[in-house]
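None of the values given here were measured: they were computed from a predicted structure.
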Amino acid sequence: MDRRTVLRGGLVTTAGAAFALLNDGPARAAGLLRTGRPRLTHGVQSGDVTANEAVIWARSDRPARMLVEIGDRPDFRNARTLRGPVLTPDTDLTGKAFLRGLPPGRELHYRVRLDDLDRGLASEPVAGRLRTAPRARRDIRFVWSGDLAGQGWGINPDLGGYRIFKAMAAVDPDFFLCSGDLVYSDGPISETVKLPDGSTWRNLTTAEKSAVAQTLAEYRGQFRYNLEDANLRAFNAQVPMLYQWDDHETLNNWYPGEILDLPQYTEKRVDVLSARARRAAFEYTPIAVPAAKGGRIYRKISYGPLLDVFMLDMRTYKSPNDADDSPTQRDGLLGAEQTAWLKGELRRSRATWKIIANDLPIGLVVPDGTAQEAAAQGDNGAPLGREREIAGILSDIRKNHVRNTVWLTADVHYTAAHYYDPAKAAFKDFDPFWEFVSGPLNAGAFGPNKLDGTFGPVAKFVQAPPHANTSPAEGYQFFGEVDIDAHSATLTVRLRDLDGKVLHTETLNPAR
């Protein structure tokens, strides 16, 4: 690989200023021998990787300059060092480097160090790896899931912590699609939980996880808690993330404009809470933040000629939870602007497969008390309420001959494969498609939920726990794997359990 090609486009900081190349020498190495040097506190992460771009994330223990080395060798011989942003308390000492001009279809190694601003001391480096998206046809593999540290089930050292990340790393994915609920800001973690068999579940605890999050500092602490897990940090260093949020980054089943009547919250305005949660999520995940677009969460990630990934945001533009049975409602999950964006991007996509990452499922009924949280409400009839928005998208896909869409979700804390068949549906103006469900990563297991017949879903496979809120100690933690074959362009989905065992497989042939 030509080193000049690797970073031909340079890097930019979050403020958009160009990085400067540095010359490393004996003086820099000597600084590592001195005491009082800065420290990377929570590992490194990469994310939103495309053919030529990637985001690198890190956090410091003090104000410091972020330095990134990048190259094609794990020993970093001939790697380039780039000067990144200054990490300050304004972002809780987190920061992101935006790499551009990377070579497509390559495995690259990066290493992050910190420079103390006052004394010029350098930290110990922390290394990571990423694969850029190909320009030509190449085998692709990725994993997806969601829901981490929910229902009081946190990091349990007795069980090896978040060990599902070891199983996901073992399949060697190109990236991880996080389907939301990466943290449970509304879920306090206690030191012990008594299990049904009389044994005790033991959690690592922190101050921020002792109560529901309300302040910005407490929302930041939700992300720091999960990054205490060694399995997650190791996974982050090896597998780039595509991140979307759902409700628990803020609190359960929230929607814009909601006013809480929950006694544990002194701040009752959900708009205030969600703004703090959103800031913490952007600070602690390697999501690209396009300033010109206001840092919106919905976006398309192009991953070569075989794959486009459409990351939806079904929370920011959500309508209030109600009976979800309006015969005139136009939207309710995506909003008009995002819906128009999705339709347009799907029409323009030339990728063989279009993965639509929906953090709320389409055909599963997800109750919120007596109201409804997702699209379906269980009447099996013509589209009503939020279903009308989904119906419009599905009709547009059919009308414009958009082929090979697959929807991936988590949210309901079990795993399933659903085939949507217009011949069995009350609403028939769409082409057949699949939706796959997988999760949780480490949370209480539930389900299965009722399927609504409006779009004709057929459950081809379901695995759920025998009772509600089973702990991760009982298993019933799941992730999904997607493989796209470079030669045949077939897409294979495998639903896997906590230890990586394959529970169900579907192989889909592309429509030409």
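Between Trp245 and Tyr243, the distance from one ring center to the other does not fall under 6.0 angstrom. Taking the six-membered ring wherever Trp is involved, the centroid distance between the rings of Phe176 and Phe235 falls below 6.0 Å. Taking the six-membered ring where the residue is Trp, the centroids of Phe455 and Tyr420 are separated by 6.0 Å or more.
Within a 6.0 Å radius of CZ in Arg403, other residues, nucleotides and ligands contribute more than 12 heavy atoms. The 12-atom threshold is exceeded at NZ of Lys268, counting heavy atoms of other residues, nucleotides or ligands nearer than 6.0 Å. Residue-environment remark: NZ (Lys428) exceeds the threshold of 12 foreign heavy atoms within 6.0 Å. By the 6.0 Å contact criterion, NE2 on His467 is enclosed, its count of non-hydrogen atoms from other residues, nucleotides or ligands being greater than 12.
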With salt bridge (charged side-chain N to carboxylate O under 4.0 Å, His left out) as the test, would you mind laying out the steps for Arg299 and Asp313 before giving the verdict?
CA-CA 9 Å; Arg299 62 208 188 277; Asp313 177 0; over 6 Å; no
Is there a salt bridge (charged side-chain N to carboxylate O under 4.0 Å, His left out) between Glu506 and Lys460? Walk through the geometry before answering.
CA-CA 10 Å; Glu506 292 285 350; Lys460 298 293 187 178; over 6 Å; no
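A heavy-atom distance below 4.5 Å is not found between the side chains of Val55 and Ile287. Using a 4.5 Å heavy-atom threshold, the side chains of Leu148 and Leu232 count as touching.
Between Tyr419 and Trp434, the ring planes lie tilted relative to each other; the angle falls in the 30° to 60° range.
Evaluation of the side chain to side chain donor-acceptor pair (under 3.5 Å) rule for Asp325 yields no partner, not counting sequence neighbours. Remark: Asn449 engages no residue in a side chain to side chain donor-acceptor pair (under 3.5 Å) (not counting sequence neighbours).
Using a 4.0 Å cut-off between charged nitrogen and carboxylate oxygen, Arg494 and Asp483 count as a salt-bridge pair.
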Side chains of residues 164-172: which donor-acceptor partners sit under 3.5 Å, not counting sequence neighbours?
from: Asp172; atom 1: OD1; to: Arg129; atom 2: NH2; distance (Å): 3.1
from: Asp172; atom 1: OD1; to: Arg131; atom 2: NH2; distance (Å): 2.8
from: Asp172; atom 1: OD2; to: Arg131; atom 2: NH2; distance (Å): 2.8

